Student: 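I have a structure here, written as structure tokens, and I will follow up with some questions on it.
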Amino acid sequence: MGGQLRVIRQRIRSVRSIAKITRAQELIATSRVSKARDRAAAGEPYAREIARAVSTLLSHHTSADHALLDLRPDTARVAVLLITGDRGFCGGYNNNVLRQGEALAALLRQQGKEPLFYLTGRKGIEWYRFRGRPVVREWTQISAAPSYGAAAEIGEELVGAYDTPTRAGGVGEVHVVFTQFVSMLTQRTTVRRILPIEVEEEAGPPGERSPRAPFAFEPSADAVLDSLLHKYVNALIWHMLLTSAAAEQAARRTAMMAATENARQIIGELTRQANTARQAEITTELTEIVGGAAALSDSSRR
């Protein structure tokens with residue numbers, strides 16, 4: 001009985017140590033999620049204004065043409081960018097992205113397209129390496145605090161693959177699988193096609209046509225459009241990285257909160273088991289004492 005009590009007490013100490021770690025991780029994630037959320041909200045207007053500038057340029061220069069705006073007839077090869085995290089302890093955040101990426105790859109193969117994977121985040125890279133899956137390009141150490149420079153590097157890589165003909169190893173489409181931050185308790189895994197670009201022109205009130213102000217493009221409308229479209233792709237990827245970072249911290253906070261609560265429940269159950277074992281031990285000791293006293297009394301009478 002004493003050995004069982006020692007084992008239970010050792011388990012209680014172990015679970016308490018784990019609870020301290022999960023509680024610390026929860027507090028760290030809580031402090032970081034607000035910063036990540038603010039960065040994602042601050043980066044959204046930039047992407048919106050870039051899209052508005054492209055829309056304005058196209059509306060004033062209808063003859064403008066660019067490869068990033070064209071639907072490719074040859075989409076035999078398709079690039080898929082998966083945005084995962086560099087760390088764990090975030091529930092199903094990484095698994096949801098990987099699962100959605102596998103579903104997208106299966107759909108593309110059914111359409112006769114070959115998916116080529118680009119990965120960000122150590123967890124996604126480890127998952128593909130363990131299974132021996134081929135990967136075109138990898139990026140790490142950017143999930144916690146994404147920078148525009150990292151987003152621009154990823155964007156230039158994907159744009160370069162899109163500009164290359166599929167016969168020469170390029171791709172005809174580019175899709176991104178990321179996690180959208182909705183709230184502290186809700187994160188939505190999303191698939192979005194970013195190439196070819198679909199820019200929606202802003203529509204005015206029904207039946208009204210707003211006058212177009214004259215614009216002069218220097219050095220030319222095509223050069224301005226090329227620069228804006230590249231910045232637009234980079235801004236899209238940057239915003240996806242930022243909202244994924246916020247979603248990762250929120251998912252980690254939720255997971256660590258649940259783990260801490262679970263540890264507390266286990267400690268309560270183990271404490272009850274320890275009390276029961278201790279009571280049984282005390283009862284056994286009292287029985288032995290009473291039995292010994294009775295034996296001494298009988299011997300003294302004899």
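These figures come from a predicted structure and were not determined experimentally. In this chain, residues are counted from 1 in sequence order.
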Student: Any side-chain heavy atom of T120 within less than 4.5 Å of one from I142?
Tutor: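 Side chain of T120 against side chain of I142, heavy atoms only: contact under 4.5 Å found.
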Student: Heavy atoms only: give me the nearest T84-G124 pair and the separation to one decimal.
Tutor: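 Between these two residues, the closest heavy atoms are OG1-N, 3.1 Å.
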Student: So, R253 versus T30: side-chain donor-acceptor pair below 3.5 Å or not?
Tutor: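 Yes, a side-chain donor-acceptor pair sits under 3.5 Å.
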Student: Quick one: do R133 and E102 make a salt bridge, cutoff under 4.0 Å?
Tutor: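 Yes, this pair counts.
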Student: If every non-hydrogen atom of F178 is compared with every non-hydrogen atom of R192, which pair is closest and at what distance?
Tutor: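 In terms of heavy atoms, the two residues are closest at CE2-CB, 4.1 Å.
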Student: Go through the steps to decide whether Q25 and R87 satisfy the test side chain to side chain donor-acceptor pair (under 3.5 Å), and finish with yes or no.
Tutor: CA-CA 12 Å; Q25 291 288 340; R87 298 174 54 218; 3.2 Å; yes
Student: Tell me whether V191 is reachable from L98 by hopping between hydrophobic residues (I, L, V, M, F, W, Y) whose side-chain heavy atoms are closer than 4.5 Å.
Tutor: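 Shared cluster, yes.
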Student: Side chains of L242 and W238: closer than 4.5 Å at any heavy-atom pair?
Tutor: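 L242 vs W238: side chains touch.
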Student: If you compare all heavy atoms of V135 against all heavy atoms of F117, which two are closest, and at what distance to 0.1 Å?
Tutor: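 Looks like CG1-O, 3.5 Å.
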Student: Report yes if some heavy atom in the side chain of L5 is under 4.5 Å from a heavy atom in the side chain of R278; otherwise report no.
Tutor: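 Of all side-chain heavy-atom pairs linking R278 with L5, at least one is under 4.5 Å.
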Student: Could you state the interatomic distance from NE2 (H239) to CD (E44), rounded to the nearest 0.5 Å?
Tutor: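 Atom-to-atom, H239:NE2 and E44:CD are 4.0 Å apart.
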Student: Evaluate salt bridge (charged side-chain N to carboxylate O under 4.0 Å, His left out) for E138 paired with R129, printing each intermediate quantity in order.
Tutor: CA-CA 11 Å; E138 304 171 352; R129 285 180 180 175; 2.9 Å; yes
Student: Tell me whether R167 at atom CZ has more than 12 heavy atoms from other residues, nucleotides or ligands lying less than 6.0 Å away.
Tutor: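 No - once you tally the heavy atoms of other residues, nucleotides and ligands closer than 6.0 Å, there are 12 at most.
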Student: If a pair satisfies salt bridge (Lys or Arg N to Asp or Glu O under 4.0 Å) and one of its residues is in residues 24-37, list it, with sequence neighbours excluded.
Tutor: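 Those involving residues 24-37 are R23-E26.
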Student: Quick one: are V177 and L81 in side-chain contact, heavy atoms under 4.5 Å?
Tutor: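 In short, these two side chains do not touch, never coming nearer than 4.5 Å.
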Student: Hey, could you give me the CE/CG distance between M257 and L27, rounded to the nearest 0.5 Å?
Tutor: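 Rounded to the nearest 0.5 Å, the CE-CG separation comes out at 9.5 Å.
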Student: If you round to the nearest 0.5 Å, how far is CD1 of I18 from OG1 of T260?
Tutor: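 Atom-to-atom, T260:OG1 and I18:CD1 are 10.5 Å apart.
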Student: Report, as yes or no, whether the 6.0 Å neighbourhood of atom CZ on F89 holds more than 12 heavy atoms from other residues, nucleotides or ligands.
Tutor: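 No.
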Student: Mind checking whether N234 and E156 have side chains closer than 4.5 Å, heavy atoms only?
Tutor: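 Yes. Closest side-chain heavy atoms under 4.5 Å.
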Student: State, with a plain yes or no, whether a side-chain heavy atom of E157 is found less than 4.5 Å away from one of W139.
Tutor: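 Yes, close enough: below the 4.5 Å cut-off.
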Student: Kindly compute the distance separating CZ (R122) from OG1 (T140), expressed to the nearest 0.5 Å.
Tutor: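 One gets 9.0 Å once the value is rounded to the nearest 0.5 Å.
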Student: Would you mind reporting whether R188 and T179 have side-chain heavy atoms less than 4.5 Å apart?
Tutor: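 Of all side-chain heavy-atom pairs linking R188 with T179, none is under 4.5 Å.
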Student: Counting only heavy atoms not in K113, do more than 12 fall under 6.0 Å of its NZ?
Tutor: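 Buried by this count: over 12 neighbours within 6.0 Å.
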Student: Does a side-chain heavy-atom distance below 4.5 Å link I83 with V97?
Tutor: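 Result no, sub-4.5 Å side-chain heavy-atom pair not found.
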Student: Please give me the minimum heavy-atom distance between E248 and C90, naming the atom from each residue.
Tutor: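 For E248 and C90, the tightest heavy-atom pair comes out as O-CB, 4.0 Å.
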Student: Does E153 form a salt bridge (charged side-chain N to carboxylate O under 4.0 Å, His left out) with R137? I'd like the steps, not just the answer.
Tutor: CA-CA 11 Å; E153 180 182 348; R137 183 74 186 276; 2.8 Å; yes
